[in-house]
4 protein chains.
Amino acid sequence: MGSQERIKRVKEQRRADILDAAEKVFFSRGFDAKLSDIAEQAELAKGTIYLYFNSKEDLYFSVLLRGLDILAEMFEKAFDTTLSPVEQLRTYSTEYASYFREHRPFFRMLYRYEHPRIRTQVSPAILHQLSRRSKGLLTFVANAIKRGIHEGLFRSDLDPLQATVVLWTSLSGILREIDLNENDPLWSPSDLQAPLSSVNLEELYNLSFDLLLRGLSA
Amino acid sequence: MGSQERIKRVKEQRRADILDAAEKVFFSRGFDAKLSDIAEQAELAKGTIYLYFNSKEDLYFSVLLRGLDILAEMFEKAFDTTLSPVEQLRTYSTEYASYFREHRPFFRMLYRYEHPRIRTQVSPAILHQLSRRSKGLLTFVANAIKRGIHEGLFRSDLDPLQATVVLWTSLSGILREIDLNENDPLWSPSDLQAPLSSVNLEELYNLSFDLLLRGLSA
Amino acid sequence: MGSQERIKRVKEQRRADILDAAEKVFFSRGFDAKLSDIAEQAELAKGTIYLYFNSKEDLYFSVLLRGLDILAEMFEKAFDTTLSPVEQLRTYSTEYASYFREHRPFFRMLYRYEHPRIRTQVSPAILHQLSRRSKGLLTFVANAIKRGIHEGLFRSDLDPLQATVVLWTSLSGILREIDLNENDPLWSPSDLQAPLSSVNLEELYNLSFDLLLRGLSA
Amino acid sequence: MGSQERIKRVKEQRRADILDAAEKVFFSRGFDAKLSDIAEQAELAKGTIYLYFNSKEDLYFSVLLRGLDILAEMFEKAFDTTLSPVEQLRTYSTEYASYFREHRPFFRMLYRYEHPRIRTQVSPAILHQLSRRSKGLLTFVANAIKRGIHEGLFRSDLDPLQATVVLWTSLSGILREIDLNENDPLWSPSDLQAPLSSVNLEELYNLSFDLLLRGLSA
DNA sequence: TATGAATGAGCTTTCATTCAT
DNA sequence: GATGAATGAAAGCTCATTCAT
């Protein structure tokens, strides 16, 4: 019977609808969004949400998971064995910047302005998926670095994993700071002796990548 | 009148007492700490707190300000014109790591595990002070970099301000990640192909500094 | 049609299955048990339960009815015209105590730990059956008392029905108190001047019966 | 300063107001009453209730405590050393019946139609008080029985404590049954062979007392 | 007959902030 | 200045029951 299959499809669609609604609401209100708002946005009863997700936390992280998937897809698409390790890294860097530009709310969820508060209550299954996805992303970078070392382009004294984490974390840190400052500048440019307006935030990211790449180079 | 002055001193002392209490309580409970707990710790009535601080948010950021001051003092003490620019940067890096080790709760407040929305409600005066302190810190680094460029040690094509922000933000990102992972590892080591246990978190920071320094070098 | 009959038998079996499941679940969780747990225990869908019972309340009282039937059967088995009225009463008392010991969860349902408001929602048909069963039980006792009065063993000034109710209710009250105290002692022994540990709860029941029997005696 | 004292008086008055309101609401809705209804009845904000009582459960039992106190006072007033033990017991029995008539809602709370569900969450302090009050009541009865045994009026083979519990519990059981039947007859009179209308419920209580007293008598 | 997805009312407790004293 | 009693908004989750299939 296709009927069973159809039911399954309907359920998946409903789940997706809820995620769509949650995405919208979490984006504008953060984790503090009210469940009733999400239900309303999804045009469902509050109770229905709980048929698909065990808790608000699970729902939040499921949305986040989708965000990770988008980035992973971008990396996959950009994956090209014909590129040199340096070009590969530059590609990932560019993709990450695009993701930052085009999926800012996801970037924010990823960069956990709110996670530590929330993490405690998420179901292990979801955390596991999260971890798998993160691993996938880092692996792209790690492989490029390994190749670079192997080909003698990068310093042979580097631990490729350490280098990966440093690269990723530094770039993420920069993006995070850019995001923070665009929306809500903590250190306003004019407070520094030379006006920080001279600090083009988009350039900052490139500079950061270049510095690190140069640091990696043999 | 010395009396007026004494009154002022008493007020300042009371303010400091409240900050002491708040520090203790915010450290253990984060921003979710209850104001009544702070009041109790300060041996004052809840209402009294409001005679010295406009809101819980202001109080939180005032504590945070103290944390910034500690770091600033460390930088001041470490300031030494006889050092080369590279040695200066390394010194600041080391001081920052010490701060991270010895004043972790302050570091966390600074790097906002806490909800960014907290920021929305803080009085401008406090944000202004915050900004001034941050500027002070960055200036130490910026000056070293400027000297380095001037002395031909660092790339002359660098905007010293940009370089400062990149350096600072990257290192902060690494420390933040280290802190996050010590307490609540997101990407568990065993998930990466090579065990990440091989990634010594303390080394990570040094590697990060070295990569960036190498990137800066002429 | 034997087929029609078979269908009927199947329905009755299904009903019994549900009651079995409900019994198990109500015993362990009381009226607060979830209908979904009962459905799961019965290996049926929640909706199916409603094809056999009008409401959770009805289901609860149907289980209770079964409990009453067990007691009635015990009384029937113990019914023996060759016994003297006093011996008959003592037999019933003993049977009641056995029931209390061996079917505690039923006893509790009968004596309504559960909220009396549950009753409000039960269908009249079920309440009627409940009433018939109760009457059956009391009639055993009432007949013995009548015979006792008739034979001059018991006071002739007694209304046998009143006496029946008094006897039954008093014994039930004692058992209820025993049950309550075993599980959740309200007046802890040590609070009374002489330690109530000296009050053997099992003896209490016998004493109660003896006092009442002595009171009945001519 | 009488000021401190006045503040204390005001607080006590407020507490009493809340208890009054809670009493009214619990009487009509049972424990399922909504806290907001109680607050409204007391003309206070919901939060204020929690300044005086730790939980709904505590509030419920505090009301119950008042109910016990009323009964205790009735017993105290009725206490008269010039009465014979039998007259004393009869007095207590009468007082209990009056309490039942005049303070039915308290009787119901006492007889725990809802306790076992609730007990778990009450603060120990309140449970302790409850226990003390109960002990007080039983002691009145126990003393009379002891005297009766001592004076040779009651059977010397009786454990006075056991007898007390039997007497009290039986009478309570009868009253409980009367209450249940008045409001919501489980075994409707007409169901018994002889109409139970002949069973005057008020007489039942007296009969019960007489049977038990006769049972006690030497 | 059987299903099980959907519903949506229902409710306690916390805590920052105020303000009368 | 200091108090602390009073406020009242705010929100996640459950579960009996229904009804379209």
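Naming convention: chains lettered A, B, ... in sequence-line order (proteins, then strands); numbering from 1 in each chain. Keep in mind that what you see is a predicted model, and the values were worked out from it rather than measured.
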Side chain to side chain, Arg15(D) and Lys11(D), heavy atoms closer than 4.5 Å
no
Closer than 4.0 Å, any side-chain N/O of Tyr52(A) to the OP1 or OP2 of dA6(E)?
yes
Could you state the atom-to-atom distance from CZ of Arg29(D) to C1' of dG10(E) in whole Å?
14 Å
Starting at the 5' end of DNA chain F and moving along, which residue's nearest nucleotide shows up first, Gly47(C) or Lys34(C)?
Lys34(C)
With respect to the side chain of Leu51(D), which nucleotide from dA11(F), dA2(F), dA5(F) is positioned closest?
dA5(F)
Could you give the CD-to-P distance, from Glu40(D) to dC11(E), as a whole number of Å?
13 Å
For Ala33(C), answer base if it contacts any base atom (sugar-phosphate contacts may also be present), sugar-phosphate if it contacts only those atoms, and nothing otherwise; contact means non-hydrogen atoms under 4.0 Å.
sugar-phosphate
Taking atom C1' of dA6(F) as reference, at what distance in whole Å does atom CD1 of Ile7(D) sit?
14 Å
Taking C-beta and beyond as the side chain, do Tyr50(B) and Leu35(B) meet within less than 4.5 Å on heavy atoms?
yes
Does any nucleotide pair with dG12(F) by Watson-Crick or G-U wobble geometry, both distances under 3.5 Å, and what is it?
dC11(E)
Scanning both residues in full, the closest heavy-atom pair of Phe106(A) with Gly67(A) reads CD2-CA, 3.4 Å
In whole angstrom, give the distance that lies between atom CG of Asp58(B) and atom P of dA16(E).
14 Å
Is Lys46(B) side chain donor-acceptor paired with the dT3(F) base, going by distance under 3.5 Å alone?
no
Would you name the heavy atoms of Arg66(C) and Ala16(C) that are closest together and state the gap between them?
NH2-O, 3.5 Å
Between dC15(E) and Ser36(B), is there an OP1 or OP2 to side-chain N/O distance shorter than 4.0 Å?
no
Go through the steps to decide whether Phe27(D) and Arg108(D) satisfy the test side-chain contact (heavy atoms from CB on, under 4.5 Å), and finish with yes or no.
CA-CA 9 Å; Phe27(D) 280 179; Arg108(D) 279 179 198 150; over 6 Å; no
Quick one: Leu44(B) CG to dG1(F) P, roughly how many Å, whole number?
12 Å
For the side chain of Glu57(B), starting at C-beta, report the closest nucleotide among dT17(E), dG12(F), dG1(F).
dT17(E)
Comparing Thr48(D) with Lys11(A), nearest DNA chain E nucleotide closer to 5' gives the residue Lys11(A)
Compare side-chain N and O positions of Arg14(C) against OP1 and OP2 of dT1(E) and report whether any pair is under 4.0 Å apart.
no
Distance check: side-chain N/O of Lys56(C) vs OP1/OP2 of dA16(F), anything under 4.0 Å?
yes
Here's a test of your reading of the structure: between Ile49(A) and Leu35(B), which maps to the more 5' nucleotide of DNA chain E?
Ile49(A)
How long is the line joining CD1 of Ile38(D) and P of dG8(F), in whole Å?
18 Å
Pairing partner of dT21(F) (Watson-Crick or G-U wobble, both distances under 3.5 Å):
dA2(E)
Could you tell me whether the phosphate oxygens of dG8(E), OP1 or OP2, come under 4.0 Å of any side-chain nitrogen or oxygen in Tyr50(A)?
no
